[in-house]
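Before any comments, here is the structure.
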Amino acid sequence: MKPTPPLTRSRFLKWASLGPAAAAALALSPSASAADPTPAEKTNLKLVADFCAALEARDMARIATFLSDDCAYRVIETAPPARGKDAIESIRRYVERSTKIEIKILESWVKGPIVVNERIDTFVPPPANSPYHLTGVFFLRGGKIAEWTDYLIRTSPA
(Lines give C-alpha, C1' and ligand atoms only; values in the text may rest on other atoms or scores of the structure.)
Protein backbone atom coordinates (compact mmCIF):
# COMPACT_ATOMS: atom_id res chain seq x y z
CA MET A 1 0.00 0.00 0.00
CA LYS A 2 1.36 3.38 -1.07
CA PRO A 3 1.56 6.01 1.74
CA THR A 4 -0.44 9.23 1.32
CA PRO A 5 1.83 12.17 0.56
CA PRO A 6 1.91 14.93 3.19
CA LEU A 7 -0.70 17.68 2.88
CA THR A 8 1.05 20.71 1.47
CA ARG A 9 -0.46 24.11 0.80
CA SER A 10 -0.59 23.49 -2.96
CA ARG A 11 -2.28 20.06 -2.48
CA PHE A 12 -4.80 21.59 -0.07
CA LEU A 13 -5.67 24.39 -2.53
CA LYS A 14 -5.98 21.87 -5.38
CA TRP A 15 -8.46 19.70 -3.43
CA ALA A 16 -10.30 22.67 -1.92
CA SER A 17 -10.94 24.07 -5.39
CA LEU A 18 -12.93 20.95 -6.26
CA GLY A 19 -15.64 21.77 -3.69
CA PRO A 20 -17.18 24.74 -5.56
CA ALA A 21 -16.92 22.87 -8.87
CA ALA A 22 -18.77 19.88 -7.40
CA ALA A 23 -21.44 22.16 -5.90
CA ALA A 24 -21.91 23.90 -9.26
CA ALA A 25 -22.21 20.56 -11.05
CA LEU A 26 -24.86 19.39 -8.58
CA ALA A 27 -26.79 22.64 -8.99
CA LEU A 28 -26.88 22.15 -12.75
CA SER A 29 -27.78 18.49 -12.50
CA PRO A 30 -31.45 17.72 -13.24
CA SER A 31 -31.50 15.25 -10.34
CA ALA A 32 -30.57 18.07 -7.94
CA SER A 33 -33.45 20.33 -8.96
CA ALA A 34 -36.58 20.78 -6.87
CA ALA A 35 -39.55 18.55 -7.50
CA ASP A 36 -42.56 20.00 -9.25
CA PRO A 37 -45.19 21.28 -6.81
CA THR A 38 -47.93 18.83 -5.89
CA PRO A 39 -51.56 19.76 -6.62
CA ALA A 40 -51.96 20.80 -2.96
CA GLU A 41 -48.84 22.97 -3.17
CA LYS A 42 -50.13 24.62 -6.37
CA THR A 43 -53.36 25.39 -4.48
CA ASN A 44 -51.30 26.94 -1.67
CA LEU A 45 -49.35 29.10 -4.14
CA LYS A 46 -52.61 30.30 -5.71
CA LEU A 47 -54.14 31.06 -2.32
CA VAL A 48 -51.23 33.34 -1.37
CA ALA A 49 -51.24 35.02 -4.81
CA ASP A 50 -55.00 35.62 -4.49
CA PHE A 51 -54.48 36.99 -0.98
CA CYS A 52 -51.87 39.44 -2.29
CA ALA A 53 -54.32 40.47 -5.03
CA ALA A 54 -56.99 41.13 -2.37
CA LEU A 55 -54.48 43.31 -0.49
CA GLU A 56 -53.70 45.19 -3.67
CA ALA A 57 -57.45 45.70 -4.25
CA ARG A 58 -57.72 46.98 -0.63
CA ASP A 59 -60.70 44.64 -0.12
CA MET A 60 -60.79 44.01 3.65
CA ALA A 61 -63.80 41.68 3.45
CA ARG A 62 -61.95 39.46 0.96
CA ILE A 63 -58.62 39.79 2.81
CA ALA A 64 -60.21 38.45 6.00
CA THR A 65 -61.50 35.33 4.19
CA PHE A 66 -57.93 34.18 3.59
CA LEU A 67 -56.93 34.32 7.28
CA SER A 68 -57.61 31.68 9.92
CA ASP A 69 -59.47 32.86 13.03
CA ASP A 70 -56.25 32.51 15.06
CA CYS A 71 -53.91 33.89 12.37
CA ALA A 72 -50.58 35.32 13.53
CA TYR A 73 -49.28 38.27 11.51
CA ARG A 74 -45.93 40.01 11.86
CA VAL A 75 -45.59 43.13 9.73
CA ILE A 76 -41.80 42.71 9.91
CA GLU A 77 -39.48 40.22 11.55
CA THR A 78 -38.69 42.50 14.49
CA ALA A 79 -42.33 43.18 15.41
CA PRO A 80 -44.32 41.03 17.81
CA PRO A 81 -47.07 39.02 16.11
CA ALA A 82 -50.63 40.28 16.09
CA ARG A 83 -53.08 37.40 16.54
CA GLY A 84 -56.66 36.71 15.53
CA LYS A 85 -58.80 39.86 15.29
CA ASP A 86 -55.75 41.99 16.15
CA ALA A 87 -54.00 40.61 13.03
CA ILE A 88 -56.92 41.70 10.86
CA GLU A 89 -56.95 45.13 12.50
CA SER A 90 -53.21 45.50 11.91
CA ILE A 91 -53.72 44.76 8.21
CA ARG A 92 -56.75 47.08 8.12
CA ARG A 93 -54.59 50.01 9.33
CA TYR A 94 -52.22 49.58 6.36
CA VAL A 95 -55.12 49.25 3.94
CA GLU A 96 -57.10 52.22 5.25
CA ARG A 97 -54.23 54.69 5.40
CA SER A 98 -53.40 53.97 1.75
CA THR A 99 -55.29 55.18 -1.29
CA LYS A 100 -53.49 52.63 -3.44
CA ILE A 101 -51.43 49.50 -2.78
CA GLU A 102 -49.20 47.92 -5.39
CA ILE A 103 -47.86 44.43 -4.78
CA LYS A 104 -45.38 43.05 -7.28
CA ILE A 105 -44.58 39.39 -6.65
CA LEU A 106 -41.08 38.75 -7.98
CA GLU A 107 -40.86 35.05 -7.15
CA SER A 108 -42.78 32.45 -5.19
CA TRP A 109 -42.00 28.93 -4.05
CA VAL A 110 -43.76 26.34 -1.98
CA LYS A 111 -43.00 23.30 0.13
CA GLY A 112 -46.03 21.64 1.67
CA PRO A 113 -47.95 24.20 3.73
CA ILE A 114 -45.21 26.85 3.50
CA VAL A 115 -45.32 29.49 0.77
CA VAL A 116 -42.53 32.02 0.40
CA ASN A 117 -42.68 34.99 -1.91
CA GLU A 118 -40.35 37.84 -2.72
CA ARG A 119 -42.29 41.05 -3.29
CA ILE A 120 -42.11 44.77 -3.72
CA ASP A 121 -44.98 46.39 -1.79
CA THR A 122 -45.74 50.06 -2.44
CA PHE A 123 -48.26 52.10 -0.48
CA VAL A 124 -49.77 55.38 -1.76
CA PRO A 125 -49.52 57.74 -0.01
CA PRO A 126 -46.24 56.15 1.02
CA PRO A 127 -45.12 55.51 4.55
CA ALA A 128 -41.61 56.80 5.16
CA ASN A 129 -39.80 53.82 3.62
CA SER A 130 -42.16 52.72 0.81
CA PRO A 131 -41.62 50.80 -1.46
CA TYR A 132 -40.68 47.79 0.62
CA HIS A 133 -38.62 44.88 -0.74
CA LEU A 134 -39.87 41.91 1.27
CA THR A 135 -39.82 38.18 1.63
CA GLY A 136 -43.15 36.93 2.93
CA VAL A 137 -43.37 33.56 4.67
CA PHE A 138 -46.87 32.10 4.90
CA PHE A 139 -47.90 28.97 6.80
CA LEU A 140 -51.23 27.56 5.61
CA ARG A 141 -53.54 25.33 7.57
CA GLY A 142 -56.96 24.13 6.43
CA GLY A 143 -56.95 26.31 3.32
CA LYS A 144 -56.27 29.51 5.30
CA ILE A 145 -53.22 31.57 6.21
CA ALA A 146 -52.42 30.62 9.81
CA GLU A 147 -49.15 32.59 10.06
CA TRP A 148 -47.66 35.37 7.97
CA THR A 149 -44.37 37.15 8.57
CA ASP A 150 -42.71 39.64 6.25
CA TYR A 151 -38.94 39.99 6.29
CA LEU A 152 -37.44 43.22 5.01
CA ILE A 153 -34.70 42.74 2.43
CA ARG A 154 -32.14 45.41 3.06
CA THR A 155 -30.37 46.60 -0.05
CA SER A 156 -27.72 48.47 1.92
CA PRO A 157 -25.62 47.32 4.87
CA ALA A 158 -27.52 47.29 8.18
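In this text the structure is predicted, and so the values were computed from the model without any measurement. Basis for what follows: all heavy atoms, side chains included, without hydrogens, waters or symmetry-related copies. This chain uses plain numbering: 1 for the first residue, then up along the sequence.
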I'd like to know if the side chain of [X] reaches the main chain of [Y], judged simply by a donor and an acceptor atom lying under 3.5 Å from each other, with no hydrogens or angles considered.
X: Thr99; Y: Val124; value: yes
X: Arg119; Y: Lys104; value: no
X: Ser98; Y: Ile101; value: no
X: Arg83; Y: Tyr73; value: no

When rounded to the nearest 0.5 angstrom, what is the spacing between [atom1] in [X] and [atom2] in [Y]?
X: Lys100; Y: Thr122; atom1: NZ; atom2: OG1; result: 9.0 Å
X: His133; Y: Leu106; atom1: NE2; atom2: CG; result: 5.5 Å
X: Ile63; Y: Leu67; atom1: CD1; atom2: CG; result: 8.0 Å
X: Lys42; Y: Asp36; atom1: NZ; atom2: CG; result: 6.5 Å
X: Phe123; Y: Arg58; atom1: CZ; atom2: CZ; result: 10.5 Å
X: Ile88; Y: Arg93; atom1: CD1; atom2: CZ; result: 12.0 Å

If you take all heavy atoms of [X] and [Y], which pair is closest and at what distance?
X: Ser68; Y: Lys144; answer: N-CB, 3.7 Å
X: Pro113; Y: Asn44; answer: CA-ND2, 3.8 Å
X: Thr65; Y: Ala61; answer: CG2-O, 3.3 Å
X: Val116; Y: Thr135; answer: CG1-CG2, 3.6 Å
X: Glu41; Y: Gly112; answer: OE2-N, 2.6 Å
X: Leu45; Y: Ser108; answer: CD2-CB, 3.7 Å

Grouping I, L, V, M, F, W and Y whenever their side-chain heavy atoms are under 4.5 Å apart, do Phe139 and Val48 come out in a common cluster?
no
Side-chain touch [X]/[Y], heavy atoms, less than 4.5 angstrom:
X: Val110; Y: Lys46; answer: no
X: Glu102; Y: Ile120; answer: no
X: Glu118; Y: Ile153; answer: yes
X: Trp109; Y: Ile114; answer: no
X: Ile103; Y: Asp121; answer: yes

Centre of Phe66's six-membered ring, under 6.0 Å away, within 45 degrees of the axis: is that where NZ or CZ of Arg62 sits?
no
Sidechain N-carboxylate O distance under 4.0 Å for Arg92, Asp86:
no
Are the aromatic rings of Trp148 and Phe51 close, with centres under 6.0 Å apart?
yes
Would you indicate whether Asp50, at its atom CG, is surrounded by more than 12 heavy atoms from other residues, nucleotides or ligands within a distance under 6.0 Å?
yes
I'd like to know whether Tyr132 forms a side-chain contact (heavy atoms from CB on, under 4.5 Å) with Ile76, so could you lay out the CA-CA distance, the side-chain angles of the two residues, the decisive distance to 0.1 Å, and finally the verdict.
CA-CA 11 Å; Tyr132 298 99; Ile76 193 161; over 6 Å; no
Determine, step by step, whether Val137 and Tyr151 satisfy the side-chain contact (heavy atoms from CB on, under 4.5 Å) criterion, reporting the C-alpha distance in whole Å, the side-chain angles of both residues, the deciding distance to 0.1 Å, and the verdict.
CA-CA 8 Å; Val137 179; Tyr151 296 84; 3.7 Å; yes
